Structure formats: C-alpha cells, structure tokens
Amino acid sequence: MLQPISNRKVRVRFAPSPTGPLHIGGVRTALFNYLFAKQNGGDFILRIEDTDSARFVPDAEEYIIESLNWLGLKFDEGVGIGGAFAPYRQSERKELYFKYAEQLVNSGNAYYAFDSNEELDNIRKQYEAEGKSFIYNYVIREKMKTSLAMSANELQDNLNSSNQWVIRFKIPPHEEIIMKDIIRGEIKVNTDTLDDKVLFKSVDMLPTYHLANIVDDKLMEISHVIRGEEWLPSLPLHILLYRAFGWKSPEFAHLSLLLKPDGKGKLSKRDGDRLGFPVFPLEWKNAEGEISSGYRETGYFPEAVVNLLALLGWNPGTEQEIFNIDELIKHFSLERVIKSGAKFNPEKAHWFNQQYLRQKSNEELADLYQPVLKSKGINVDENYVATVCGFIKERATFISDFWNLSSYFFVAPESYDEKATKKYWSSETPPQMQKIIEIIDNEPFDKEKIEHAVHAWISDSGLKMGTVMNAFRICVVGAAMGANMFDIVNLIGKHETIKRVKKAITAMADCL
C-alpha cells in the first residue's frame with residue numbers, strides 16, 4: 001500500500017470533461033475541493049480533461065468556467081488564468097503522455113495490444129455463449145495479439161504495419177490491493193477481478209482518462225484527489241499506476257452521489273424536467289436548441305446554491321444550516337462527509353434561497369427589483385422601492401415573486417378577486433368604505449393615527465373587524481392579501497388611497 005502524502009502543500013483539482021453542461025453534482029465536487037483547499041491554505045486548480053474528442057461539446061468549457069465564477073469558486077490555477085504547471089487543458093499536453101505509456105511498457109508494467117474491435121467483439125460473444133465473462137487480464141493477455149507473445153522483431157513489424165494498437169496496463173495477478181479513502185476508510189480489492197485497462201490509443205495518439213489523470217496529478221503536484229464515487233472502481237488501477245511509476249500516491253476521497261428526490265438512483269436532468277427544478281448551475285442550450293433551466297436564471301442566489309450543496313453529503317455536526325462561505329471554509333471536513341448518497345430536495349433549495357433573500361438589505365433587494373419595474377414602465381424612487389421590499393421579502397422566494405406580491409404599491413388594481421369579494425363585500429359595504437374615506441381625509445395623515453381611528457370606529461360601530469378591513473383591502477389591493485393595510489396607505493398616500501376606494505365602490509355597484 002502506498003503511503004499518503006504528508007507535510008506538503010495541499011493542492012486539489014477539479015477536472016471536468018467538456019462533454020456538456022456541468023451537473024449540479026459536479027458543482028458539489030468542485031465546492032468540496034475548494035473548501036478543502038482554502039481551509040488548508042492550499043491551491044484549487046481547474047483542469048479541463050478534453051482527451052475524449054468524440055464527446056467534446058463546443059462551449060462546454062466556457063460554461064464550466066462561468067459556472068464556477070458565478071458561484072464564487074475562484075480557482076488559483078487553471079484554464080484561462082494559467083499557472084506554474086500550465087497548460088491545464090489536456091489536449092494541449094498530449095505530446096507528453098506517450099513517453100509515460102512507453103515508460104510503463106519498458107518497465108514491464110504495460111504492453112502493446114493489436115486486437116481489432118471486431119476480434120474483441122467475437123471473443124466476448126464466444127465467452128457469453130459459454131456462459132462466461134470475458135476479462136482481458138493475466139488469463140488471456142498472452143494468448144491475444146500482444147507484445148507479451150511477440151519477439152522484439154515481431155513487435156516492431158506490427159508497429160510498422162498497423163496503426164490500430166493500444167497500450168494496456170499489466171495488472172499483477174493474485175494480489176490484494178489495500179487502499180485508504182478519507183471518507184470510506186480501508187478498501188480491499190483482489191487484482192484478479194480487474195482487467196488490463198487501455199492507457200493509450202494509436203488511433204488518435206491520445207491517452208485514456210486513466211493515464212492522463214495520473215500523469216497530470218503527478219506533474220501538477222496534486223496532494224488530494226476529491227472526486228465522485230463513480231471513480232471508486234478505478235481506484236485500484238490508479239493506485240497500481242502510481243506504484244508502477246514509482247510515485248507517491250495522493251490521498252483519495254470519493255464523494256457519494258446526489259440522489260433523485262423520489263425513488264432511487266442518481267439525480268438526472270430528467271428528474272429536474274419531471275419535477276420542475278434545475279440540475280445545472282446556469283441555463284444550457286444544446287445543439288438541438290433544447291433549453292435546460294439553470295439556478296442562476298431561475299433566480300437563485302449563488303451563495304444559497306453553495307450553502308445548499310455543502311449540506312448535501314456533509315454533516316457539520318450541529319443544527320446550524322446557514323453558512324456563509326467563510327464559515328464553510330472554517331468548519332468543513334472530509335471526515336464528516338457521509339458515505340451514503342444525499343437525496344436532493346427541491347423544497348429545501350427554495351428554503352435556502354428564502355433565507356438568503358431575507359438576509360439581504362432592502363436597498364440590495366431594491367437594486368435587484370428595479371429592472372423588473374422598469375421593464376413594466378415603472379420608474380420609482382429607490383427609497384420607495386426599498387421600503388416596499390422590506391414589506392414583502394418575508395413572503396418571497398425569488399426576486400421574480402416580488403411583482404405579484406407588491407404590484408399594488410405601484411399600480412391601482414384593475415380587477416378585484418372574485419372569491420374575496422363574495423366573502424367580504426355586501427350591500428352594507430359601500431357606506432362603510434365611505435366612512436373610511438372620511439376618516440382618512442379628515443385625520444392628520446399619520447399611519448398610527450389613521451389606524452387607531454379606523455379601528456376605533458369599527459369597534460364602536462359593532463362591526464366585524466375582519467370583514468370591514470378585508471373589504472378595505474380589496475379596494476386598495478384588489479384581493480384579500482398583501483402587507484399591513486396602513487403601511488400600504490401610508491406609502492401610496494392619502495390621495496391614491498381615497499381614489500382607489502372610490503373606484504372600487506363604483507365598480508362593485510355594478511356587480512351587486
């Protein structure tokens with residue numbers, strides 16, 4: 001077993017492939033890497049692993065970078081900003097990988113294989129027909145068209161005559177590999193269950209993930225590899241590769257999956273489409289023109305998304321749920337990351353956004369709300385908008401909720417809620433509303449004094465407070481909802497309040 005790295009600077013990398021939009025599970029992997037690096041005074045590196053040219057998607061790399069920037073996960077080195085270990089895009093490093101593959105061949109830890117895809121398919125079918133599983137390993141490799149069964153001259157002849165070869169790693173037989181994972185503890189695997197993975201392909205002269213990943217982590221001095229559990233089956237191979245090169249292994253931590261809200265299995269785009277929530281940080285438009293929603297465009301605050309993701313799989317050990325980024329950096333630990341999958345909860349995502357919205361000052365919210373108002377042709381003083389935001393923010397989840405919650409502060413109602421009208425409006429209501437107009441018109445225009453006078457009149461008259469006040473609310477708001485009535489009256493002013501009540505009395509006369 002290789003010894004974990006100690007007494008060296010923490011350097012971690014987030015290494016996505018540009019094969020499409022960044023899944024929210026990938027964002028969580030990036031976040032955990034970032035928190036671990038910052039907590040330990042280390043470096044967070046962005047490396048783009050783009051050696052799979054067949055699955056490359058234009059604009060995916062830019063999408064990844066923009067997503068990380070939006071979330072505030074600034075990388076210290078990487079694509080776009082460079083660093084001492086540049087380049088950080090694997091396609092720009094392709095010339096260096098072959099020599100490492102060749103080094104493994106020369107040391108007896110890898111070999112050339114010349115089997116065609118057709119030949120391999122035929123062998124697999126033969127094994128299946130016999131009820132056996134085909135594994136390309138020590139049992140069969142010397143019976144195949146490999147350099148292990150060729151003389152030096154035969155090998156050279158095959159290399160000269162064929163451009164269809166690969167280099168496979170030579171898994172040692174009958175050995176128990178003991179590995180240590182920070183999250184999962186000790187893991188044991190028998191090498192007889194492993195196949196000889198392809199490390200390098202002649203068809204494009206590019207490495208596979210396994211070789212490029214190990215070489216780049218070594219050359220970039222990565223101290224800890226924090227990645228998703230889908231890479232756990234590759235850990236034995238990676239450990240063996242480090243050993244074959246004579247390199248020290250970084251420490252490993254494999255994160256559990258993000259699970260769908262209902263049922264079993266990994267959270268997918270289909271779950272988001274089906275249940276109506278984003279699974280990508282930013283909106284994404286694919287080659288067919290299909291648009292997938294993003295957290296940013298849906299109206300989430302980046303700090304809410306970060307907080308949400310941090311608690312999907314990490315247990316702080318306390319009841320605290322709201323953490324700013326500095327608190328996350330201080331308290332985060334890989335040892336408290338759970339082994340089991342974390343179920344995604346869309347309602348909890350809403351809750352986090354609500355908490356961060358409420359934390360923002362009225363002035364901040366007004367700045368965010370102003371573009372919505374201006375799009376509706378409404379130009380209002382910033383202080384007025386900030387006051388409105390203070391009245392409504394406790395009931396909002398997103399800025400996009402603000403208009404429905406507060407439109408009556410800016411425009412008089414054009415219609416009146418039918419259900420509320422039937423409940424609170426009767427033939428006795430118009431004279432009651434006229435009395436409220438009289439009180440507002442005659443009293444000094446002061447919120448407390450008007451409120452006291454209206455309430456005192458209702459009580460002294462033996463009327464039902466809820467019925468009269470809701471009828472008044474319908475006149476001003478258009479429905480039996482909204483902020484405190486006298487906060488509304490105070491803000492829209494005496495003239496506008498009286499105007500709205502008179503208009504409602506006239507409108508309701510036609511309905512009764």
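Quick caveat: nothing in here was measured; it's all calculated off a predicted structure. Position 1 is the first residue of the sequence, and the numbers go up from there.
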Inset, instruction - Would you mind telling me which of V372, L373, V385 makes a side chain to side chain contact (heavy atoms under 4.5 Å, CB included) with I378? - result: L373

Inset, instruction - Indicate yes or no for a side-chain donor-acceptor contact from S162 to the backbone of Q164 under 3.5 Å, with no hydrogens or angles considered. - result: yes

Legend entry - Proximity of F98 and F200 rings by center, below 6.0 Å: yes

Inset, instruction - Examine R336 relative to F332 and say whether NZ or CZ is less than 6.0 Å from the centre of the six-membered ring and inside a 45° cone about the ring axis. - result: no

Legend entry - Rounded distance [0.5 Å steps], NE2 in H238 versus CZ in F252: 7.5 Å

Inset, instruction - Apply side-chain contact (heavy atoms from CB on, under 4.5 Å) to the pair T397 and L357, showing each step before the final yes or no. - result: CA-CA 7 Å; T397 300; L357 187 151; over 6 Å; no

Inset, instruction - Compare every heavy atom of S202 with every heavy atom of N163, then report the nearest pair and how far apart it is. - result: O-OG, 2.6 Å

Inset, instruction - Could you please spell out the steps behind the salt bridge (Lys or Arg N to Asp or Glu O under 4.0 Å) verdict for D204 and K94? - result: CA-CA 10 Å; D204 52 13; K94 59 184 180 182; over 6 Å; no

Legend entry - NZ/NE/NH1/NH2 to OD/OE distance under 4.0 Å, R270 and D273: no

Inset, instruction - Working to the nearest 0.5 Å, report the span between CD of Q103 and CD1 of I167. - result: 11.5 Å

Inset, instruction - Would you confirm whether D192, through its side chain, and P173, through its main-chain N or O, come within 3.5 Å as a donor-acceptor pair? - result: no

Legend entry - Pairwise side-chain contact, W351 with Q355, heavy-atom cut-off 4.5 Å (strictly under): yes

Legend entry - Donor-acceptor contact below 3.5 Å, side chain N307 vs main chain E321: yes

Inset, instruction - Identify the two heavy atoms, one from L275 and one from P261, that lie closest to each other, and give their separation to 0.1 Å. - result: CD1-CG, 3.8 Å

Legend entry - Short N-O contact, D271 and K269, less than 4.0 angstrom: no

Legend entry - Check: N213/Y209 side-chain N/O donor and acceptor closer than 3.5 Å: yes

Legend entry - Polar side-chain atom of R184 near backbone of H254 as donor-acceptor pair, under 3.5 Å: yes

Legend entry - Polar side-chain atom of Q320 near backbone of I322 as donor-acceptor pair, under 3.5 Å: yes

Inset, instruction - Look up atom OH in Y136 and atom CZ in R168, then write down how far apart they are to the nearest 0.5 Å. - result: 5.0 Å

Legend entry - Check: Y34 ring centroid to F75 ring centroid under 6.0 Å: no

Legend entry - Heavy-atom donor-acceptor pair, T19 side chain to R55 backbone, under 3.5 Å: no

Legend entry - Y88-E77 side chain donor-acceptor pair, cut-off 3.5 Å: yes

Inset, instruction - Answer yes if the ring centres of F301 and Y356 are under 6.0 angstrom apart, and no otherwise. - result: no

Inset, instruction - List the steps and the verdict of side-chain contact (heavy atoms from CB on, under 4.5 Å) for R296 and E283. - result: CA-CA 7 Å; R296 182 178 66 182; E283 185 178 272; over 6 Å; no

Legend entry - Shortest non-hydrogen contact between N362 and A386, atoms and distance: CB-O, 3.2 Å

Legend entry - Test side-chain contact (heavy atoms from CB on, under 4.5 Å) applied to I183 and I226, step by step: CA-CA 10 Å; I183 296 170; I226 304 167; 5.8 Å; no

Inset, instruction - Indicate yes or no: at least one non-hydrogen side-chain atom of W284 is less than 4.5 angstrom from one of L282. - result: no

Inset, instruction - Decide yes or no for L235 and R227: does some side-chain heavy atom of the first lie under 4.5 Å from some side-chain heavy atom of the second? - result: yes

Legend entry - ring-ring contact (aromatic ring centres under 6.0 Å, His included) evaluation trace for F32 with W314: CA-CA 9 Å; F32 283 15; W314 170 66; 7.6 Å; no

Legend entry - Candidates L194, L240, D196, V198 - the one meeting side chain to side chain contact (heavy atoms under 4.5 Å, CB included) with F169: L240

Inset, instruction - May I ask you to decide whether K285 forms a salt bridge with E297, counting only side-chain N to carboxylate O separations under 4.0 Å? - result: no

Inset, instruction - Would you tell me whether S107 and N109 have side-chain atoms, one donor and one acceptor, within less than 3.5 Å of each other? - result: yes

Legend entry - Flag side-chain contact, heavy atom, 4.5 Å: Y138 against R141: yes

Legend entry - Greater than 12 external heavy atoms within 6.0 Å of K197's NZ: no

Inset, instruction - Specify the closest pair of heavy atoms between L31 and A310, including all atoms of both residues, with the distance to one decimal. - result: CD2-N, 3.7 Å

Legend entry - Reported NZ-to-CG distance for the pair K266 and L259, which is rounded to 0.5 angstrom: 10.5 Å

Legend entry - Short side-chain donor-acceptor distance under 3.5 Å, Q156 and N160: yes

Inset, instruction - Dump the intermediate steps for side-chain contact (heavy atoms from CB on, under 4.5 Å) on S361 and K393, then the final yes or no. - result: CA-CA 10 Å; S361 69; K393 67 181 183 181; 5.9 Å; no

Legend entry - Within-4.5 Å side-chain heavy-atom neighbours: L104 and K170: no

Inset, instruction - Report, as yes or no, whether the 6.0 Å neighbourhood of atom CD on E130 holds more than 12 heavy atoms from other residues, nucleotides or ligands. - result: yes

Legend entry - Inter-residue atom distance F36.CZ - S333.OG, 0.5 Å rounding: 9.5 Å

Legend entry - K218 charged N/C atom sitting above Y100 aromatic ring, 6.0 Å / 45°: no

Inset, instruction - Flag the pair M150 / T146 as yes when at least one side-chain heavy-atom distance between them is below 4.5 Å, and no otherwise. - result: no

Legend entry - Separation between OG1 of T51 and CZ of R93, rounded to the nearest 0.5 Å: 12.0 Å

Inset, instruction - Before accepting this row, confirm whether a basic side-chain N of the pair K360/E303 lies closer than 4.0 Å to the acidic partner's carboxylate O. - result: yes

Legend entry - Main-chain N/O of M220 paired to R11 side chain as donor or acceptor, under 3.5 Å: yes

Legend entry - D76 bridged to K38 by N-O distance under 4.0 Å: yes

Legend entry - Check: F344 ring centre within less than 6.0 Å of F277 ring centre: yes

Legend entry - Y369 versus C389, closest heavy-atom pair with distance: CD2-SG, 4.0 Å

Legend entry - Geometric class of the F245/W247 ring pair [parallel <30°, tilted 30-60°, perpendicular >60°]: parallel

Legend entry - Backbone N/O of I214 and side chain of D217: donor-acceptor pair under 3.5 Å: no

Legend entry - Within-4.5 Å side-chain heavy-atom neighbours: L68 and F14: yes

Inset, instruction - Would you confirm whether Y63, through its side chain, and G20, through its main-chain N or O, come within 3.5 Å as a donor-acceptor pair? - result: no

Inset, instruction - Check whether any side-chain heavy atom of D50 lies under 4.5 Å from a side-chain heavy atom of E92, and answer yes or no. - result: no

